[in-house]
Amino acid sequence: MSSFREAVIDLDAIAHNITQLRADIQTAHTMAVVKANAYGHGAIPVAQTALAAGADWLGVADIAEGLELRAAGIDAPILAWLHDPVTDWAPALDADIDLGISSLLQLREIAAAATTTGRAANVHIKLETGLSRNGVSESDWPELLAVAAELEATGSIRVRGIFSHLSNASAADDEAAIACFDRGLAAAASVGLTPALIHLASTAAAIRVPAARYSMVRLGIGIYGLSPFDDATSADLGLIPAMTLRSTVAAVREVTAGTGVSYDYTWRAPEDVRLALIPLGYADGIPRQASGRAPVVINSQRYTAAGRIAMDQFVVSVGHDSASVGDPAVLFGDPSTGVPSATDWADAAETVNYEIVTRIGNRVTRTYLPVIGR
Ligand SMILES: *Cc1c(COP(=O)(O)O)cnc(C)c1O
């Protein structure tokens with residue numbers, strides 16, 4: 001059993017988080033968002049676990065991610081919403097992947113591909129409601145919705161959903177976006193479009209903004225057991241962090257006071273100390289920005305990364321404590337077990353916990369703990 005570079009993914013935590021969130025949120029449908037390799041946790045095992053735990057939809061950013069799930073034999077409904085400007089839509093239609101639509105051009109191309117392939121396209125119309133990313137602008141709604149209704153009448157497309165995404169900038173901004181979204185739903189209804197899947201909220205709004213829940217929520221960060229809020233921890237939300245990033249001490253050396261450590265000598269030993277080398281670096285997604293600040297537990301004691309985090313490794317001073325090659329080190333995991341959290345790393349790197357877990361690289365072996373029914 002080597003944990004040289006290992007991300008242990010607790011699938012039971014994911015199952016628990018889905019159950020917990022569904023009980024709190026109570027929408028008719030729950031989408032588990034497994035884009036970006038399930039935020040670094042592994043798209044296929046996470047998708048399978050989420051579905052078994054009660055999610056009934058999977059969300060991905062692009063079609064290639066959806067096709068990977070299909071290739072693994074996953075036949076649950078999948079929505080992909082971010083498309084290459086020169087997409088060949090046929091593979092998505094053949095694989096029965098629902099498509100988010102952000103423009104009239106996409107709608108027309110998809111309808112044409114549906115006619116060619118002989119498979120009706122299931123689409124979800126994405127309305128722009130204030131995030132200023134993709135989505136159809138309010139001024140374009142009448143035309144796009146009218147065309148969508150016509151195409152639905154011809155049978156080339158089926159409008160299965162209408163959706164948008166919130167900025168989470170403030171309660172007032174979210175309220176304005178919800179009001180805008182409601183105008184879009186009314187405009188759709190006025191041309192006869194009343195799809196079953198109305199979805200606006202990702203984890204943050206799903207938990208805190210009941211008015212944003214509609215018939216489905218799209219849950220990403222929460223299913224991984226991390227909090228999207230600055231003022232609430234995972235435990236406060238009843239969630240269990242699913243990823244533990246661990247390693248082993250690869251080398252130990254004793255240095256005298258004043259010895260420089262790692263590139264640029266941004267840290268020098270303040271006294272005679274023992275150093276432990278951790279074989280994880282920014283090639284593995286460990287943020288260099290957290291140099292000199294990041295927390296690490298070695299032999300159940302908490303220390304701080306000393307000096308620059310390099311591509312493949314970084315150094316920790318354990319002071320006068322003992323440390324040996326092969327000793328276990330944990331960078332982050334479930335803080336209720338006494339280890340740092342992904343959020344602690346995010347704070348050290350001045351970023352969000354989403355980025356910490358998502359960037360964990362391919363050199364890091366993923367090991368899966370099974371669902372046991374916690
Ligand atoms: C990533 C994403 C989500 C999930 O967001 P979380 O904050 O991780 O829950 C939901 N919807 C869309 C459109 C997304 O891109």
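Start at 1 and go down the list; that is how both ligands and their atoms are numbered. The structure presented is a predicted model; accordingly, all values stated were derived computationally and were not measured.
- Of all protein heavy atoms, the one lying nearest to atom 5 (O) of ligand 1 is Ser202 CB, 3.3 Å.
- A salt bridge does not link Arg213 to Asp24: none of the charged nitrogens lies less than 4.0 Å from a carboxylate oxygen.
- At a 4.0 Å cut-off, not a single heavy atom of Phe163 sits close enough to ligand 1 to count as contact.
- For ligand 1, the polar-atom distance check against Gly220 finds a nitrogen or oxygen pair separated by under 3.5 Å.
- Using a 4.0 Å cut-off between a side-chain N of Lys or Arg and a carboxylate O of Asp or Glu, Arg293 and Glu350 qualify as a salt bridge.
- Ring pair Tyr214/Phe181: centre-to-centre distance below 6.0 Å.
- Looking at Arg218, Met31, Lys35, it is Lys35 that brings a heavy atom closest to atom 2 (C) of ligand 1.
- Residue Ile221 places at least one N or O, backbone or side chain, under 3.5 Å from an N or O of ligand 1.
- Between His29 and His199, the distance separating the two ring centers is not shorter than 6.0 angstrom.
- Contact record, Ile78 with Gly66: CD1-O, 3.8 Å, taken as the closest heavy-atom pair.
- A salt bridge does not link Asp312 to Arg5: none of the charged nitrogens lies less than 4.0 Å from a carboxylate oxygen.
- An N or O contact shorter than 3.5 Å is missing between Arg133 and ligand 1 by distance.
- Atoms of ligand 1 lying under 4.0 Å from at least one heavy atom of Tyr354, given by number and element, are 6 (P), 7 (O), 8 (O).
- Looking only at protein heavy atoms, the nearest one to atom 9 (O) of ligand 1 is Thr203 OG1, 2.5 Å.
- Across Tyr224 and Asn17, no two heavy atoms sit closer than the pair C-ND2, 3.8 Å.
- For atom 8 (O) of ligand 1, the candidate residues are Tyr224, Trp81, Tyr39; the nearest heavy-atom contact is made by Tyr39.
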